[in-house]
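See structure below.
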Amino acid sequence: MKGSLDVEKLKTAVIEQIDANRQRLSELARNIHDNPELGFQEFKAAAWLTQFLEENGFAVKRGICRLPTAFRASYGKGKPVIALIAEYDALPGVGHACGHNISGSISIGAAVAARLAADQFPGCITVIGTPAEEMYAGKTIMVKRGAFTDLDAAMMVHSGTSNTATTRALACQNLYIEFFGQAAHAAARPEMGINALEAMIQSFNAINSLRQHIKSSARIHGIITDGGQASNVVPDHSAGDFIVRAEENDYLEELKKKVLNCFKGAAAATGARLKYKWDESRYAPMQNNMTLARLFTDNMESLGRSTNLPDSGGSGSTDMGNVSQIVPAIHAYVAIAPRGTLLHSPEFAAAAISKEAIDGLCDAAKTLAMTVVDLLASPEIMAEVKKEFKGAQ
Ligand SMILES: [Zn+2]
Ligand SMILES: [Zn+2]
């Protein structure tokens, strides 16, 4: 009985700590918002976030995994090691239209408050700063370089339009395509030409046909990045970028072969030569740890914020999926913008520094910090988290 009273007291204390830091966290989120930096160039954001952690007694290592804007900050001793994941990169053109200025600040605010739990119980709170989520899947590189191997749980909260403890995220891989043909006068000697643009158009048509016969959760989409130079010249080169997504790793592999056959078929039909390259980074699907998700939901609901356990929305992909394959993890969402506001839109970028966003920041930081309290205070709950993870492997 005494144990649960301690936990409640600690939760009240971490909430007060975040309320006391509201101004500072809001400034942090605003500075990052007003200075948007693209993937692997987040020098200012990484400096601000690590400075705040250092001021609060965290031991900081910068430039981990040979990535200058990645970092690891730790507080406490021994096991378990609970990681809070921070993202802070922006998008080209639309700045913080994914709200990573809020998301990164949530993990920092939560970590600083959760120190109170690490002062009382064995265990370590670690913030892992993970650059370049948007454009280069930074966490997939950090997974390969061992950044997450010694962790017992990893959690983060993304900006969104509803409060949700879990994320549906698809496995996905990018495909880069080029066709090489033969240039010729499009009217005088068309019979001498090999049309690389036609090969690309046929590929789109073949993919559209394929789409009727794939699992409804899978996605194939792409753009043409080169379709020729002049309308009176048979295009001798075309290029496109494509993304193939699926709910399971195995199905993604199956679908990748079928998609590639669409390009091969178009090459055979037109006589153009196909060159292709699959991106080295491959996003894994998100494996939600439901024990963590339930703790998160209860803690967020205790703040009077109604929270969904399952995510019923559509699915993109996130490099947090790769982390969730090796560590029990959640990638939750906190509402910072009105329903219907689209991620990656200028409207979302504007919302990412509103009062609603700062309220969301503080509530999500409180929720994460309270969840850390649950995990450090109760070896039984921690064991449950791990048991579920092992069962899912
Ligand atoms: Zn995004
Ligand atoms: Zn994002």
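Residue indices begin at 1 and follow the sequence shown. Atoms within each ligand, like the ligands themselves, are counted from 1 in listed order.
Looking at Lys355 and Asp359, a side-chain N of the basic residue comes within less than 4.0 Å of a carboxylate O on the acidic one, giving a salt bridge.
Tyr88 and Phe71 have parallel rings, their planes meeting at less than 30° on a 0 to 90° scale where 60° marks the start of perpendicular. Between Tyr136 and Phe40, the angle of the ring planes stays under 30°, which puts this pair in the parallel group of the 30/60° scheme.
Between His237 and Phe179, the distance from one ring center to the other does not fall under 6.0 angstrom.
Around the Zn ion (ligand 1), the protein atoms of type N, O or S found under 2.8 Å away are Cys98 SG, Glu134 OE1, Glu134 OE2, His344 NE2, listed by chain and number.
From Ile32, atom CD1 reaches atom CD of Glu87 across 12.0 Å, with rounding to the nearest 0.5 Å.
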*Candidate pair Lys256 and Glu253, rule salt bridge (charged side-chain N to carboxylate O under 4.0 Å, His left out), full reasoning*: CA-CA 5 Å; Lys256 278 168 60 185; Glu253 286 311 311; 3.3 Å; yes

